[in-house]
Engineer: 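Take this structure first; my questions come after.
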Amino acid sequence: MLNNMLVLGIESSCDETGVALVQTQATGVPTLLAHALHSQIEMHQDFGGVVPELASRDHIRRVLPLTTEVLQASGRSLSEVDVVAYTRGPGLAGALLVGAGVACALGAALGKPVLGVHHLEGHLLSPFLSEDPPEFPFVALLVSGGHTQLMQVDAVGEYAMLGETIDDAAGEAFDKSAKLMGLGYPGGPALARMAESGNPAAYALPRPLLRSDNLDFSFAGLKTAVLVQAQRMVASEAALASGVPAPKAQANHGSSAGFENLPLSQRADLAASTQAAIVEVLVKKSLIALKKTGLKRLVVAGGVGANRMLRQQLNAECAKRSVRVHYPELHLCTDNGAMIAMAAAMRLQSGLQQASTTYAFDVKPRWPLDSI
Ligand code: KG4
Ligand code: ZN
């Protein structure tokens, strides 16, 4: 009964509306038939970050047209859909409610069951959509805008937390550092681009908790260090111009005004040094997790998994240790509907969960992955 089942997935937890259709198979992993995505980045850019109310309203506008697009692209009709899946959390409450509401309304109208999915489980299982899918068990490095976690994954639904950030997430460290460098939102990809021409060893930035053997992360101190360094660079450039010695810089206020007027090479050096600090911590902790668990497979998922330097360093270090590394396809690293449809299909197929015809819904803006 679970073969050739069509699962429609809806993602609306933050600033991307994603819809996708996957089909379960008699053997192997489900296949992706079509997916469509609308990114709200442009809309939020003027505000320097995601505005939750605007995000919810835009999801409402996009979700049904994207659903039509996915059905057309896959040559399927709504009545053929067997299960409607949606992101139940974590994420922005209002944004999640849009996806949940639409999914439950579609399910009720079609007389088909619905299933709420954990957003991070979607990221975690997204490499199964790639041409080189992983096999269980593996260590997962989940690095998104809101989460940084190392997990041991033994099977679908069997997730043991090995370590996580005690403050900011890796994506947040990229975004906040990029913001004070005047790179706008979302900062991760922009900072990575600027870092390409910079020297990663130009500035000594902290590698928090690197020396500790535990697998927790801490990135909040890094952005303060980046801010102090940026202020110091602005002050010495001003001193150079005026001939008056620069005062000692302190992060006494959050402003890095003037940084964007510095020569490109200096800005690129700070971007490269920041990226190097984040990447080194992520790589070293992943290697410790592999050593502690004795596992020979690493899965990297979440938006920061698109980072080229992270991929290069993980590939190099894992090759030395005969560890296989799996990533989602680049375009499925950030939020999308395909990972939600895929996670739902894999949960249903594994018998872990059944879809429900109770169309009352709630969402879970905060929802630890190891509690599902
Ligand atoms: O997984 P995701 O799309 O959304 C959340 O669930 O949070 O991750 C978004 C995060 C943002 O912080 C973004 O800046 C970061 O992923 N990101 C990157 C890159 N592409 C996206 N960070 C560094 N380098 C990139 N190439
Ligand atoms: Zn995400």
Side-chain angles (χ1 to χ4, degrees), residues 9-18 20 37-41 44-45 48-50 52 55 86-92 95-96 99 117-127 140-149 164-165 168-181 183-196 198 200 217 219 222-223 226 271-272 274-283 299-314 327-340 342-343 364-367 369:
I10 297 174
E11 155 63 28
S12 70
S13 67
C14 189
D15 56 353
E16 253 112 20
T17 323
L37 190 69
H38 176 79
S39 170
Q40 303 178 351
I41 284 177
H44 297 295
Q45 231 150 20
V50 179
Y86 61 94
T87 306
R88 189 176 174 203
L92 301 169
L96 289 167
V117 172
H118 195 293
H119 179 82
L120 293 180
E121 185 174 38
H123 277 303
L124 194 76
L125 299 177
S126 62
L141 172 67
L142 266 180
V143 271
S144 69
H147 295 83
T148 301
Q149 302 180 337
E164 64 182 325
T165 184
D168 288 356
E172 234 173 321
F174 268 106
D175 293 339
K176 288 178 176 171
S177 303
K179 195 169 184 179
L180 62 89
M181 291 181 207
L183 292 175
Y185 148 89
L191 190 147
R193 256 193 315 278
M194 177 163 273
E196 273 169 31
F217 302 86
F219 289 108
L222 179 64
K223 70 166 186 289
V226 173
T274 306
Q275 177 174 254
I278 299 169
V279 166
E280 186 182 338
V281 174
L282 295 176
V283 171
V299 160
V300 183
V304 180
N307 185 271
R308 199 184 308 173
M309 186 189 195
L310 177 66
R311 287 186 175 218
Q312 278 168 353
Q313 292 200 6
L314 279 176
Y327 305 92
E329 305 284 337
L330 259 186
H331 68 285
L332 297 179
C333 270
T334 45
D335 295 347
N336 62 82
M339 69 186 199
I340 299 306
M342 187 69 171
K364 294 188 164 213
R366 287 175 176 274
W367 192 11
L369 179 55

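Ligands are counted one by one from 1 in listed order, and the atoms in each one are counted from 1 as well. A quick note: this is a predicted structure, and the numbers were derived from the prediction, not measured.
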Engineer: Does any N or O in the side chain of Gln40 come within less than 3.5 Å of the main-chain N or O of Ala55, such that one atom is a donor and the other an acceptor?
Structural biologist: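 Confirmed, Gln40 side chain pairs with Ala55 backbone.
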Engineer: Which atoms from ligand 1 have a heavy atom of Gly146 less than 4.0 Å away?
Structural biologist: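 Atoms satisfying the 4.0 Å criterion: 7 (O).
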Engineer: With heavy-atom distances below 4.0 Å as the criterion, list the atoms of ligand 1 near His123.
Structural biologist: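 In order of numbering, the contacting atoms are 1 (O), 6 (O).
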Engineer: Quick check for you: within a radius under 2.8 Å, how many protein N, O or S atoms neighbour the Zn ion (ligand 2)?
Structural biologist: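 N, O or S atoms of the protein closer than 2.8 Å: 3.
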Engineer: Can you tell if the side chain of His147 reaches within under 4.5 Å of the side chain of Leu142, non-hydrogen atoms only?
Structural biologist: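 They are not in contact (no side-chain heavy atoms under 4.5 Å apart), so the answer is no.
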Engineer: Taking Leu314 as the fixed residue, which of Val283, Leu282, Asn307 is the one that meets the side chain to side chain contact (heavy atoms under 4.5 Å, CB included) rule?
Structural biologist: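 Going through the options one by one, the only one that passes is Val283.
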Engineer: Whether the side chain of Thr148 engages the backbone of Ala170 through a donor-acceptor N/O pair (distance < 3.5 Å, no angle test) should be reported.
Structural biologist: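 Yes; at least one donor-acceptor contact below 3.5 Å.
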Engineer: When you look for heavy atoms under 4.0 Å from ligand 1, do you find them on the side chain of Asp175, its backbone, both, or neither?
Structural biologist: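 It is the side chain that gets close, since no backbone atom is under 4.0 Å.
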Engineer: Could you check whether any side-chain heavy atom of Asn336 comes within less than 4.5 Å of a side-chain heavy atom of Glu329, counting everything from C-beta outward?
Structural biologist: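 Result no, sub-4.5 Å side-chain heavy-atom pair not found.
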Engineer: What do you reckon, does Pro189 put a non-hydrogen atom under 4.0 Å from ligand 1?
Structural biologist: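 Flag set, Pro189 near ligand 1.
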Engineer: Looking only at N/O atoms, are Gly145 and ligand 1 under 3.5 Å apart anywhere?
Structural biologist: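 For ligand 1, there is an N or O atom that lies under 3.5 Å from one belonging to Gly145.
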Engineer: Can you confirm whether the side chains of Asp335 and His119 place a donor and an acceptor under 3.5 Å from each other?
Structural biologist: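 A donor-acceptor contact under 3.5 Å links the two side chains.
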Engineer: Taking the inter-plane angle between the rings of Tyr185 and His44 on a 0 to 90° scale, is it parallel (under 30°), tilted (30 to 60°) or perpendicular (over 60°)?
Structural biologist: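 Plane angle over 60°, so perpendicular.
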Engineer: Is there a heavy atom in His119 that sits closer than 4.0 Å to ligand 1?
Structural biologist: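 Contact check His119 vs ligand 1: positive.
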Engineer: In the protein, which heavy atom is nearest to atom 2 (P) of ligand 1, and how far is it?
Structural biologist: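 Going by distance alone, atom 2 (P) of ligand 1 is nearest to Asp335 OD1, 3.4 Å.
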Engineer: Relative to the heavy atoms of Gly171, which atoms of ligand 1 are at a distance of less than 4.0 Å?
Structural biologist: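 Answer for ligand 1: 12 (O).
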Engineer: Given Gly303, Cys333, Cys14, Gly188, which one has a non-hydrogen atom that is nearest to atom 20 (N) of ligand 1?
Structural biologist: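 When every heavy atom of Gly303, Cys333, Cys14, Gly188 is considered, Gly303 comes closest to atom 20 (N) of ligand 1.
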Engineer: Determine whether Pro90 and Pro365 make a side-chain contact, defined as any pair of heavy atoms from C-beta on separated by less than 4.5 Å.
Structural biologist: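 No. Closest side-chain heavy atoms not under 4.5 Å.
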Engineer: With atoms numbered from 1 as shown, which atoms in ligand 1 lie under 4.0 angstrom from a non-hydrogen atom of Thr334?
Structural biologist: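 What qualifies from ligand 1 is 3 (O).
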Engineer: Has the side chain of Thr17 got a donor or acceptor atom that lies under 3.5 Å from a matching backbone atom of Ser12?
Structural biologist: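 Not a single qualifying donor-acceptor pair exists.
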Engineer: Quick one: closest heavy-atom pair of Leu124 and Ala140, and the distance?
Structural biologist: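 Scanning both residues completely, I find the closest heavy atoms to be CD1-CB, 3.2 Å.
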Engineer: Would you please classify the geometry between the Phe217 ring and the Phe219 ring as parallel, tilted or perpendicular, with 30° and 60° separating the classes?
Structural biologist: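 Because their plane-to-plane angle is under 30°, the rings of Phe219 and Phe217 count as parallel.
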Engineer: Tell me whether Asn307 has any N or O atom under 3.5 angstrom from an N or O of ligand 1.
Structural biologist: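 N/O-N/O distance below 3.5 Å exists for this pair.
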Engineer: Below 3.5 Å, N or O to N or O, backbone or side chain included: is there any such pair between Pro186 and ligand 1?
Structural biologist: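 No.
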Engineer: Please determine whether the number of non-hydrogen atoms from other residues, nucleotides or ligands lying under 6.0 Å from atom NZ of Lys179 exceeds 12.
Structural biologist: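 Atom NZ in Lys179 is not crowded, with 12 or fewer foreign heavy atoms closer than 6.0 Å.
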